[in-house]
Amino acid sequence: MNVKHPFEWIEKSSRFQVFVLWFVVTVVVIVGMQVLGRSLISKAAPAGIVSFEFAGDMENALEIMASWRHEVRVFAGLNLGFDYVFMIAYGGTIGLGCVLVASRWQEKLSMLTTIGYLLAWGSILAAVFDAVENYALIRILIGSFNEIWPVVATWCAGVKFFLVGIGLLYVFGGTLIQFLAYLTK
């Protein structure tokens, strides 16, 4: 199977540099979101915004929002808005990381290359699910009581975390395997 990856537009010789840039942006955005997200931790939301993502139903979502004062809800909105930048950063970092690992296996283990390229697409798809999840959470934050929004947010968050998780596993696992193979040469 001949699968193309979503980063074909980046020159092969520049991919590592672009990866490093995206990685740095990802880390900076994570730090910013952690700072913004500290005030979102409450008894009803022990994991902050992640608790809100997995509220699952309107009753839990409203309980979480009730545990946040008005100004804390503003931080929730800022966190969700900042997350749109994070989507681009982590989608690019994980996806390009998958491509970089996969390209090392291209000649010997084409099936692992194909999996890496598919996971690169998965990182883009994770960002799309994240965007839909955030839209649903924003709808709740601005006052919608439609029961569909917490359900959509929870399902999208689950798919997002799954795709991000397997992408990271591929990048870290593949990098470790390649490093160990280099050491045993």
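Treat the numbers as computed from the prediction; the structure is a model and nothing was measured. When a residue number appears, it is its place in the shown sequence, counting from 1.
A donor-acceptor pair under 3.5 Å links the side-chain atoms of T154 to the main chain of E53, judged by distance alone. A distance-only check finds no donor-acceptor pair linking the side chain of D83 to the backbone of F86 [under 3.5 Å]. Judged by distance alone, with hydrogens and angles left aside, the side-chain atoms of R73 form a donor-acceptor pair with the main-chain N or O of M65 at under 3.5 Å. Between the side chain of T113 and the main chain of S103, no donor-acceptor pair closer than 3.5 Å is present.
Taking each heavy atom of A126 and V164 in turn, the nearest pair found is CB-CG2, 3.9 Å. Minimum interatomic distance between S39 and L36 (heavy atoms only, all atoms of both residues): OG-O, 3.6 Å. What you find for V101 and V171 is that their closest heavy atoms are CG2-O, 3.8 Å. In terms of heavy-atom proximity, G91 sits nearest to S123 at O-OG, 3.0 Å. Annotation for C156 and V132: closest pair SG-CG1, 3.6 Å, computed over non-hydrogen atoms. The minimum heavy-atom distance between M58 and E147, with the atom names listed, is CB-OE2, 3.2 Å.
L163 and L112 end up in the same hydrophobic cluster when Ile, Leu, Val, Met, Phe, Trp and Tyr side chains are linked at under 4.5 Å. Linking ILVMFWY residues whenever their side-chain heavy atoms come closer than 4.5 Å, directly or via other members, leaves L168 and F23 in distinct clusters. Cluster annotation: I49 is connected to F82 through the hydrophobic network of ILVMFWY side chains, with a link wherever side-chain heavy atoms come within less than 4.5 Å. Under the 4.5 Å side-chain heavy-atom criterion for Ile, Leu, Val, Met, Phe, Trp and Tyr, M33 and V28 are members of distinct hydrophobic clusters. No continuous path of ILVMFWY side-chain contacts below 4.5 Å connects F19 to I88, so the two sit in separate hydrophobic clusters.
Residue pairs meeting the ring pair (Phe, Tyr, Trp, His ring centres under 6.0 Å) criterion with at least one partner in residues 123-149, sequence neighbours excluded, are Y135-W149. Legend: ring pair (Phe, Tyr, Trp, His ring centres under 6.0 Å) pairs involving residues 163-185, not counting sequence neighbours, sorted by first then second residue: W105-Y170.
Between K4 and Y117 the shortest side-chain heavy-atom distance does not fall below 4.5 Å. Inter-residue side-chain proximity for S51 and P46 is flagged as met; some heavy-atom pair is nearer than 4.5 Å. Side-chain contact between F54 and F161 is present, with heavy atoms from C-beta onward closer than 4.5 Å. By the 4.5 Å heavy-atom criterion applied to side chains, W68 and F75 are not counted as neighbours. Between V99 and L96 the shortest side-chain heavy-atom distance falls below 4.5 Å. Looking at L40 and F52, their side chains never come closer than 4.5 Å, going by heavy atoms from C-beta outward. Contact check for L21 versus Q17: no side-chain heavy atoms found under the 4.5 Å cut-off. Residues V35 and R38 form a side-chain contact, since some pair of their non-hydrogen atoms from C-beta on lies under 4.5 Å apart.
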> Can V152 and E133 be said to form a side chain to side chain contact (heavy atoms under 4.5 Å, CB included), step by step?
Replying inline: CA-CA 6 Å; V152 167; E133 166 205 312; over 6 Å; no
>> Is there a side chain to side chain contact (heavy atoms under 4.5 Å, CB included) between M87 and N134? Walk through the geometry before answering.
In response: CA-CA 11 Å; M87 292 170 210; N134 282 6; 3.1 Å; yes
> Where do F162 and I166 land on the side chain to side chain contact (heavy atoms under 4.5 Å, CB included) test, with the steps shown first?
Replying inline: CA-CA 6 Å; F162 174 76; I166 60 173; 3.8 Å; yes
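Here N2 contributes atom CG and T114 contributes atom OG1; the two are 7.5 Å apart, rounded to the nearest 0.5 Å. A distance of 9.0 Å separates CG of N146 from CD1 of I140, quoted to the nearest 0.5 Å. Going from atom CG of L125 over to atom CG of L119 covers 11.0 Å, rounded to the nearest 0.5 Å. Going from atom CD1 of I10 over to atom NE2 of H5 covers 8.5 Å, rounded to the nearest 0.5 Å.
Judged purely by distance below 3.5 Å, without hydrogens or angles, the side chains of Y84 and D130 never pair a donor atom with an acceptor atom.
Atom CD of E59 is surrounded by 12 or fewer heavy atoms from other residues, nucleotides or ligands within 6.0 Å. Shown here is E11, whose CD atom has no more than 12 heavy atoms of other residues, nucleotides or ligands within 6.0 Å.
Outside the 6.0 Å centre-distance limit, the rings of W22 and Y90 are not counted as a close aromatic pair.
The aromatic rings of F7 and W9 sit tilted relative to each other, their planes meeting at an angle between 30° and 60°.
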